[in-house]
Amino acid sequence: MVDGGRAMKVLIVGGVAGGASAAARLRRLDENAQVILIERGEYVSYASCGLPYYIGGEITQKSALSVQTPESLRLRQNLDVRIRQEVVALHPDKRQVEIRDLQRGVTYIEDYDKLVLSPGAEPVRPPFPGVDDPRVFTLRTIPDTYRIDEFIKENAPRRALVVGAGFIGLEMAENLTHVGMEVTVAELSDHVVASLDADMAADVHSYLERQGVRLLLQNGVQAIEPFEDHLHVQLSQGSLDVDIVLLSIGVRPESKLARAAGLEVTERGAIVVDGHMRTSDEHIYAVGDVVQIFQPITGRAGYVPLAGPANKQGRIAADNIAGRQRSYRGTQGTAILKLFDMVVGTTGLSEAAARSAGLDFDKVYLMPSSHAEYYPGARPISMKVLFEKPTGRILGAQLVGFEGVDKRLDVLATAIFAGMTADDLAELELAYAPPFSSAKDPVNMAGFMIQNLLEGKVLQHHWEQLPALVQQGCVMVDGRTSSEYASGHIEGALNIPVDELRSRLDELDRDTPVCVYCYTGYRSYVAARILTGNGFDASHMAGGYRLYVSSVLGLPSPLAYIRKPKA
């Protein structure tokens with residue numbers, strides 16, 4: 001209710017995740033409020049994250065993409081849903097919006113008590129020559145999806161270029177491969193998936209190439225020259241001919257209305273909101289891909305357009321409009337990607353983000369199995385966990401593997417949200433049975449490893465530190481078997497298998513530092529403990545030879561060759 005007992009009137013601009021969530025929540029909190037949802041397009045609430053899978057044929061029914069229809073929202077939630085209507089101006093001083101009915105071609109004014117802005121974001125479309133050719137697409141909405149699908153069915157393109165190797169770009173690379181195309185991905189960065197560090201992305205690179213996807217890293221589009229039967233794409237390095245181009249190089253907040261109305265926006269264009277999702281105008285809220293967020297670990301402002309946070313923000317805005325005090329606690333950036341059979345997950349800070357924030361941190365690498373190794377079907381998970389020194393607070397995690405990635409990612413995301421430390425990870429009681437995990441879950445193992453480092457039980461070095469250590473006179477020891485050593489090793493390394501180490505200590509000089517490595521880092525940890533216990537100055541290489549191979553030598557990651565077990 002508002003002054004005088006009149007029912008509150010709330011206008012919501014834009015549906016999909018944030019706007020639709022705000023509208024539904026408002027109705028549940030206030031049966032008498034007048035809630036008007038204005039949507040420029042035809043679809044008011046849809047599964048934007050599922051769009052690539054319709055193109056690839058995983059989702060076959062168009063109706064499956066619509067989470068709610070205008071009719072269902074009117075019937076169940078008693079919402080006034082107006083599709084194909086566009087808000088063209090805001091008048092905060094009068095608490096009014098100007099709306100154009102796109103079907104009838106008329107413009108009218110609607111007043112409000114509270115306004116929620118949820119216009120989302122728009123795909124970045126660089127102004128290089130040829131970008132407006134009808135064979136160049138972006139994917140953001142259901143109509144985008146239908147246009148791409150119709151083009152494929154009518155023209156049977158054979159060669160596709162995906163520009164940008166973020167989540168949507170890689171999902172489209174997979175799905176275009178599924179419909180029979182030869183797919184190339186061009187990415188300006190030196191690795192795919194910006195939230196991954198380069199050493200973890202190396203696993204993804206080699207796996208993608210094994211699936212037939214060609215990767216062109218540190219390479220961007222300069223121009224597209226249209227021909228009748230193909231598109232000639234000029235890259236910063238080289239060129240290629242394709243039949244279809246998908247641009248997936250990011251999005252920008254669609255905040256023109258807010259900027260024109262004098263609301264505070266960032267240099268990037270994101271609307272500035274407080275913890276209640278309120279803008280610089282006390283009667284206007286904003287949610288979803290249009291708003292600035294803050295990173296809860298660092299407290300820094302940022303921009304992270306994700307569906308999960310958008311839904312939560314819509315709910316929080318509605319709560320505050322309805323008189324309930326609730327605050328948004330930030331976006332830590334938890335995200336997951338299915339890529340053929342591979343699963344990639346990230347949460348919290350990357351190394352670059354932790355370094356930029358000035359945090360004192362270190363990292364551990366491990367490669368556990370998805371469940372007990374003796375139970376059939378166990379598959380490796382490559383894990384990297386960042387932690388703060390000396391507190392052991394968990395800062396971020398990156399996982400690449402197959403089964404079991406989502407489970408560990410969610411546990412680590414929860415740990416980061418709750419401010420947990422390595423001691424907490426070590427003590428977590430997680431579900432165990434041989435088909436699902438090991439008695440010491442990979443999350444527990446990460447906690448154990450960090451504890452060992454913080455307590456000085458072991459010293460570790462990283463692959464990027466190896467040249468300096470060698471220059472300082474460190475003796476490298478390869479703790480793998482002789483056959484593993486023969487198949488490939490770091491130049492200059494002495495091969496002493498860990499099981500032979502105690503009987504061969506006289507081959508090493510106690511006055512010379514020893515840097516030991518194995519395949520994943522576990523045997524080298526054991527070797528370092530043996531050496532330290534016998535008076536040596538020893539450290540082991542985190543992540544082992546397999547990380548060195550993919551990160552330094554650029555050779556295919558072992559994960560590239562993992563095959564899905566037969567049913």
Look at the side chain of E58 and the backbone N and O of N175, then say whether any donor-acceptor pair between them is shorter than 3.5 Å. no
Taking only residues two or more places apart in sequence, or in another chain, which ones meet E373 in a side chain to side chain donor-acceptor pair (under 3.5 Å)? S369
Going by atom types alone, do E174 and T177 pair a side-chain donor with an acceptor below 3.5 Å? no
Determine, step by step, whether Q325 and N320 satisfy the side chain to side chain contact (heavy atoms under 4.5 Å, CB included) criterion, reporting the C-alpha distance in whole Å, the side-chain angles of both residues, the deciding distance to 0.1 Å, and the verdict. CA-CA 5 Å; Q325 294 296 308; N320 285 285; 4.2 Å; yes
4.5 Å side-chain heavy-atom contact, R252 and E122: yes
Between S524 (side chain) and G521 (backbone), is there a donor-acceptor pair under 3.5 Å? yes
Listed partners of C518 passing disulfide (SG to SG under 2.5 Å), at least two apart: none
Would the number of heavy atoms belonging to other residues, nucleotides or ligands and lying under 6.0 Å from CD of E427 be above 12? no
For L547 versus D199, what's the shortest heavy-atom pair and its separation? CD1-O, 3.9 Å
Working note: D478 + Y517, criterion side chain to side chain donor-acceptor pair (under 3.5 Å); need CA distance, chi angles, decisive distance, verdict. CA-CA 5 Å; D478 187 323; Y517 69 88; 2.7 Å; yes
Strictly by modelled atom types, are T391 and E388 linked by a side-chain donor-acceptor pair under 3.5 Å? yes
Can you tell which of R25, R324, K312 makes a salt bridge (charged side-chain N to carboxylate O under 4.0 Å, His left out) with D319? R25
Hey, is the main chain of K407 close enough, under 3.5 Å, to the side chain of D410 for a donor-acceptor pair? no
Is the count of non-hydrogen atoms from other residues, nucleotides or ligands lying under 6.0 Å from Y522 atom OH greater than 12? no
Taking every heavy atom of L196 against every heavy atom of V204, the minimum-distance pair comes out as CD1-CG2, 4.0 Å
Which of parallel (below 30°), tilted (30 to 60°) and perpendicular (above 60°) describes Y207 and F402? perpendicular
Candidate pair D197 and Q398, rule side chain to side chain donor-acceptor pair (under 3.5 Å), full reasoning: CA-CA 8 Å; D197 291 319; Q398 301 170 30; 2.8 Å; yes
For a 4.5 angstrom cut-off between non-hydrogen side-chain atoms, does M172 reach L51? no
Output yes when D289 and R140 qualify as a salt bridge under the 4.0 Å nitrogen-oxygen rule, no when they do not. yes
Can you confirm whether more than 12 heavy atoms, excluding those of R510, are under 6.0 Å from its CZ atom? yes
Looking at side-chain heavy atoms only, is the closest gap between L453 and V458 below 4.5 Å? yes
Check A335 against F167 and note the closest heavy-atom contact, atom names and distance. CB-CZ, 3.8 Å
Any salt bridge linking R546 with D203? Criterion: basic side-chain nitrogen under 4.0 Å from a carboxylate oxygen. yes
Using ring centroids (six-membered ring only for Trp), state whether H178 and F340 fall under 6.0 Å. yes
Assess whether side chain to side chain contact (heavy atoms under 4.5 Å, CB included) is satisfied between V183 and V162, documenting all intermediate values. CA-CA 7 Å; V183 180; V162 176; 4.1 Å; yes
Kindly determine whether S195 and S350 satisfy side chain to side chain contact (heavy atoms under 4.5 Å, CB included), including the steps that lead there. CA-CA 6 Å; S195 54; S350 65; over 6 Å; no
Using a 4.5 Å cut-off on heavy atoms from C-beta on, say whether the side chain of V221 contacts that of L161. yes
Counting N and O atoms only, with roles assigned by atom type, does the side chain of E254 sit under 3.5 Å from a partner on the main chain of G120, one being a donor and the other an acceptor? no
Checking S248 side chain against G169 main chain: does a donor-acceptor pair fall under 3.5 Å? yes
Under 3.5 Å donor-acceptor, T266 side chain and R268 backbone: yes
Residue pairs meeting side chain to side chain donor-acceptor pair (under 3.5 Å), one or both in residues 293-308, sequence neighbours left out, come to R300-S356
Pairwise side-chain contact, P296 with R329, heavy-atom cut-off 4.5 Å (strictly under): no
Once you round to the nearest 0.5 Å, how far does CG of L501 lie from CD1 of I496? 6.0 Å
Just wondering, do L139 and P52 contact through their side chains at under 4.5 Å, heavy atoms? yes
Determine whether a donor-acceptor pair (N or O, by modelled atom type, separation under 3.5 Å) exists between the side chain of S255 and the backbone of G269. yes
Any chance CZ of F361 has more than 12 other-residue heavy atoms, nucleotides or ligands included, within less than 6.0 Å? yes
Please check if atom CD in E429 has more than 12 non-hydrogen atoms from other residues, nucleotides or ligands closer than 6.0 Å. no
Looking at R214 and E209, is any side-chain nitrogen of the basic one under 4.0 Å from a carboxylate oxygen of the acidic one? no
Quick check: closest heavy atoms across A527 and V516, and the distance to 0.1 Å? CB-CG2, 3.9 Å
Could you check whether any side-chain N or O of R408 sits under 3.5 Å from a backbone N or O of S370, counting only pairs where one atom can act as donor and the other as acceptor? yes
Are M383 and M367 packed together at the side-chain level, in the sense that at least one heavy-atom pair is separated by less than 4.5 angstrom? no
Within the structure provided, determine whether Q460 and Y525 are in side-chain contact (heavy-atom separation under 4.5 Å). no
Using a strict cut-off of less than 4.0 Å between a Lys/Arg side-chain nitrogen and an Asp/Glu carboxylate oxygen, indicate whether E500 and R523 qualify as a salt bridge. no
Kindly say whether K457 contributes a backbone atom to a donor-acceptor pair with the side chain of R529 at under 3.5 angstrom? yes
When you measure from the side chain of S437 to the backbone N and O of A433, does any donor-acceptor pair fall under 3.5 Å? no
Would D423 and Q451 count as a side chain to side chain donor-acceptor pair (under 3.5 Å) here? Give the steps. CA-CA 7 Å; D423 290 339; Q451 282 180 326; 2.8 Å; yes
Testing the 3.5 Å rule here: is there a donor-acceptor pair between the side chains of H462 and D362? yes
